[in-house]
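Heads up: the structure comes next, in structure tokens.
Note: hydrogens, waters and symmetry copies are ignored here, and every other heavy atom, side chains too, is used.
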Amino acid sequence: MKLRHILSLAAMLTLPAAAQTEVSTTYFMNSSTSRHDINPALLDKPYVSMPLLPLGDFSVGTTGNIGLKKFVYKMGPDWQGYGENGNTLTTFMHPNVDAGEFLGGLKDKNRLSVNLKYQLFGFGFKAFGGINSVELNVRSNTNLCLPKTLFEFMKNIGSQEYDITNLGVRTENYAELGLGHSHKIDDKWTVGGKLKFLFGLAYADVSGKDVRFQLAEDKWQVSGDVQAVASIMKTEFKQSDKTEPVEDVQPGELPRHRIKELGDFKAGLAGFGMAVDLGATYKVMEDLTVSAALTDLGFINWSNAQHASSAGHWEFEGFGNGNYGEEIPINKDGRDLGDQFKDLGDDLGDAFAVYDDGVKSATRALAATLSLGAEYTLPAYRNLRFGFLYQSRMAGRHSYHQGRFSANVAPVKWFDASLSMGFTSTGVQGGLVASLHAKHFNFTIGTDRFFGKLSKQGIPLNRANSNIAIGMSFPL
């Protein structure tokens with residue numbers, strides 16, 4: 001299974017959108033009908049969301065400490081390949097891109113998350129002594145963790161040995177049927193819960209641990225542990241003619257084959273799982289309320305998942321025509337940017353070669369999120385409230401944490417807004433949400449992370465920290 005196939009799958013599955021899926025700035029907005037996604041105890045009113053339309057209820061965002069600008073460069077007129085077939089862009093692997101300049105802007109762990117949530121339908125109603133909700137969502141979560149040592153090796157800064165660990169690429173995509181309930185126990189306590197049935201659509205996970213590249217004459221000797229799992233509906237994988245090194249094959253066993261590519265697409269469910277959300281709020285005093293929630297506590301069992309792993313010891317010839325003392329012929333024949341990245345993906349597939357381990361089920365936990373909040377209402381002006389929300393998304397190497405302060409104001413009955421500032425794992429971020437609402441109408445739009453400079457394709461250039469949520473609902 002080649003690494004570029006996993007990367008291509010991750011990109012394909014998140015293209016409909018463009019860390020945290022929900023916009024946290026809405027957490028303290030009483031007009032919001034979707035904040036129960038963060039804490040089910042905040043389900044406090046009956047409603048019907050606008051189904052199946054662009055202005056229904058969706059959120060999409062990216063979180064990371066890297067951006068497109070770090071990996072794509074505009075060539076100078078004297079650069080190799082400039083202007084050929086009209087191409088003026090190249091990757092960081094071009095010989096004219098200075099290794100020190102490129103590597104100087106990277107972190108030890110370079111992370112990127114792309115998240116999408118789209119609600120197909122949702123409604124809330126009064127029954128069973130509280131408020132209940134039924135909703136069907138499509139969710140997509142893709143995470144990358146790329147260590148700096150990987151790029152040091154790709155640019156080959158002159159070392160004879162490179163150790164690469166904490167490499168990870170993961171994407172999970174599923175439909176979610178949620179049944180929620182919130183119940184006001186007394187004047188101080190409100191509790192809530194949500195049971196979710198998960199229908200797996202596509203999943204892929206690649207991880208590399210203790211992978212070591214050692215130079216031996218004109219090749220790299222590689223050792224380490226690379227694991228890959230993928231399940232895309234009912235689609236099968238095709239094998240290539242390449243097999244693992246003979247010395248790694250046990251007596252009496254046949255050598256394993258590399259995974260070549262995806263076969264013909266076949267629709268169907270790739271897995272099934274369940275999860276729960278739990279939450280509570282407590283009114284400490286007249287103007288102070290605290291809250292806590294744990295969401296996405298569950299799993300998906302991916303049936304018929306393709307497994308693959310490395311051979312233990314293998315060889316890698318290098319990037320391009322070699323990455324030791326030779327120029328890499330990036331864009332030599334005027335290839336466009338997409339072809340250049342495809343070539344890099346092919347080389348990465350050879351560097352982190354994995355071989356067929358067969359098809360079997362794989363059970364994976366969701367990334368659970370812990371949310372802790374506190375809200376204070378200003379006695380002198382009760383339409384102004386201040387809040388603090390801490391969130392921790394627990395996902396191993398892809399974990400994300402933030403603390404967010406917000407000010408929430410409702411100057412008139414038909415409008416309220418929230419302004420926030422978050423201190424997160426990927427930097428300081430500002431957010432703003434506005435809500436227009438009448439007796440039976442509510443429209444909300446906002447962000448936790450303002451969009452910075454974007455490419456023509458809408459991709460963040462500097463840091464991939466941006467998101468947006470739009471919701472239209474009808475309170476009952």
Has Thr149 got a side-chain atom pairing as donor or acceptor with Asp163's backbone, closer than 3.5 angstrom? yes

Salt bridge Asp277-Lys196, side-chain N to carboxylate O under 4.0 Å: yes

Answer with yes or no whether the side chains of His313 and Ser223 bring together a donor and an acceptor at under 3.5 Å. no

Please check if any side-chain donor atom of Ser291 sits under 3.5 Å from a side-chain acceptor atom of Tyr27, or the reverse. yes

Is there a side-chain contact between Tyr118 and Asn137 (heavy atoms, below 4.5 Å)? no

Using a 4.5 Å cut-off on heavy atoms from C-beta on, say whether the side chain of Leu370 contacts that of Gln391. no

Going through the distances and angles, do Thr88 and Tyr73 end up as a side-chain contact (heavy atoms from CB on, under 4.5 Å)? CA-CA 9 Å; Thr88 60; Tyr73 289 78; over 6 Å; no

So, do Asn65 and Asn110 sit near enough that their side-chain heavy atoms are less than 4.5 Å apart? yes

Ser466 and Thr62: CA distance, side-chain angles, deciding distance, side-chain hydrogen bond (donor to acceptor under 3.5 Å, both in side chains) verdict: CA-CA 5 Å; Ser466 56; Thr62 60; 3.3 Å; yes

Test log, rule ring-ring contact (aromatic ring centres under 6.0 Å, His included), inputs Phe151 and Phe92: CA-CA 9 Å; Phe151 299 103; Phe92 62 94; 5.8 Å; yes

Can you name the closest pair of heavy atoms from Ala275 and Leu366 and give their distance? CB-CD1, 3.9 Å

Measuring from atom CG of Asn141 to atom OG1 of Thr171, what distance do you get when rounded to the nearest 0.5 angstrom? 7.5 Å

Main chain of Ser303, side chain of Ser361: is a donor-acceptor contact present, judged purely on distance under 3.5 Å? no

Over all heavy atoms of both residues, which pair between Lys266 and Met233 is shortest? Give the atoms and the distance, please. O-CB, 3.4 Å

Indicate the atoms forming the closest heavy-atom contact of Asn467 with Gly61, along with that distance. CB-CA, 3.4 Å

How about Phe199 and Phe272: are their ring centroids closer than 6.0 Å? yes

Could you measure the distance from the CZ atom of Arg449 to the CD atom of Gln429? Nearest 0.5 Å is fine. 5.5 Å

For Lys194 against Pro40, the heavy-atom pair lying closest together: N-CB, 4.4 Å

Is the shortest heavy-atom distance from the side chain of Glu172 to the side chain of Leu198 under 4.5 Å? no

side-chain contact (heavy atoms from CB on, under 4.5 Å) between Gln119 and Phe58, intermediate numbers included: CA-CA 6 Å; Gln119 188 168 96; Phe58 77 89; over 6 Å; no

Can a donor-acceptor pair be found between the side chains of Gln214 and Gln221 at a distance below 3.5 Å? no

Start with the C-alpha gap between Asn96 and Gln80, add the side-chain angles, then the distance that decides, and say whether side-chain hydrogen bond (donor to acceptor under 3.5 Å, both in side chains) holds. CA-CA 8 Å; Asn96 288 85; Gln80 175 185 330; over 6 Å; no

Got a sec: does the NZ of Lys209 have more than 12 other heavy atoms crowding it under 6.0 Å? no

I need the single residue from Trp314, Phe153, Phe319, Tyr162 that forms a ring pair (Phe, Tyr, Trp, His ring centres under 6.0 Å) with Phe213. Which is it? Phe153

Looking only at atom types and distance, does a side-chain atom of Ser182 sit under 3.5 Å from a main-chain N or O of Val191, one as donor and one as acceptor? no

Salt bridge or not for Arg139 and Asp296, using N-O below 4.0 Å? yes

Checking Arg111 side chain against Ser399 main chain: does a donor-acceptor pair fall under 3.5 Å? yes

Main chain of Lys109, side chain of Arg397: is a donor-acceptor contact present, judged purely on distance under 3.5 Å? no

Please report the shortest heavy-atom distance between Gln227 and Ser309, naming the atom on each side. OE1-CB, 3.6 Å

Between Thr33 (side chain only) and Tyr47 (backbone N and O only), is there a donor and an acceptor less than 3.5 Å apart? no

Run the salt-bridge test on Arg212 and Glu161 with the 4.0 Å N-O cut-off and return the result as yes or no. yes

Is Ile164 close to Phe352 at the side-chain level, that is, under 4.5 Å between some pair of heavy atoms? yes

Check whether any side-chain heavy atom of Leu201 lies under 4.5 Å from a side-chain heavy atom of Leu269, and answer yes or no. yes

Under the criterion side-chain contact (heavy atoms from CB on, under 4.5 Å), I'd like the reasoning laid out for Thr363 against Ile300: C-alpha separation, chi angles, the key distance, then a yes or no. CA-CA 6 Å; Thr363 300; Ile300 298 179; over 6 Å; no

Gln306-Ser231 side chain donor-acceptor pair, cut-off 3.5 Å: no

Measure the NZ-CG distance between Lys342 and Asp347 for me, rounded to the nearest 0.5 Å. 10.0 Å

For Asp356 and His257, does a side-chain donor sit closer than 3.5 Å to a side-chain acceptor? no

Will you find, in the side chains of Thr90 and Gln340, an N or O donor that is under 3.5 Å from an N or O acceptor? yes

Would you call His398 and Arg170 a side-chain contact if the rule is heavy atoms closer than 4.5 Å? yes

With distance as the sole criterion, is a donor-acceptor pair present between the side chains of Thr25 and Ser420 under 3.5 Å? yes

Do Ser392 and Met394 come within less than 4.5 Å of each other through their side chains, counting heavy atoms only? yes

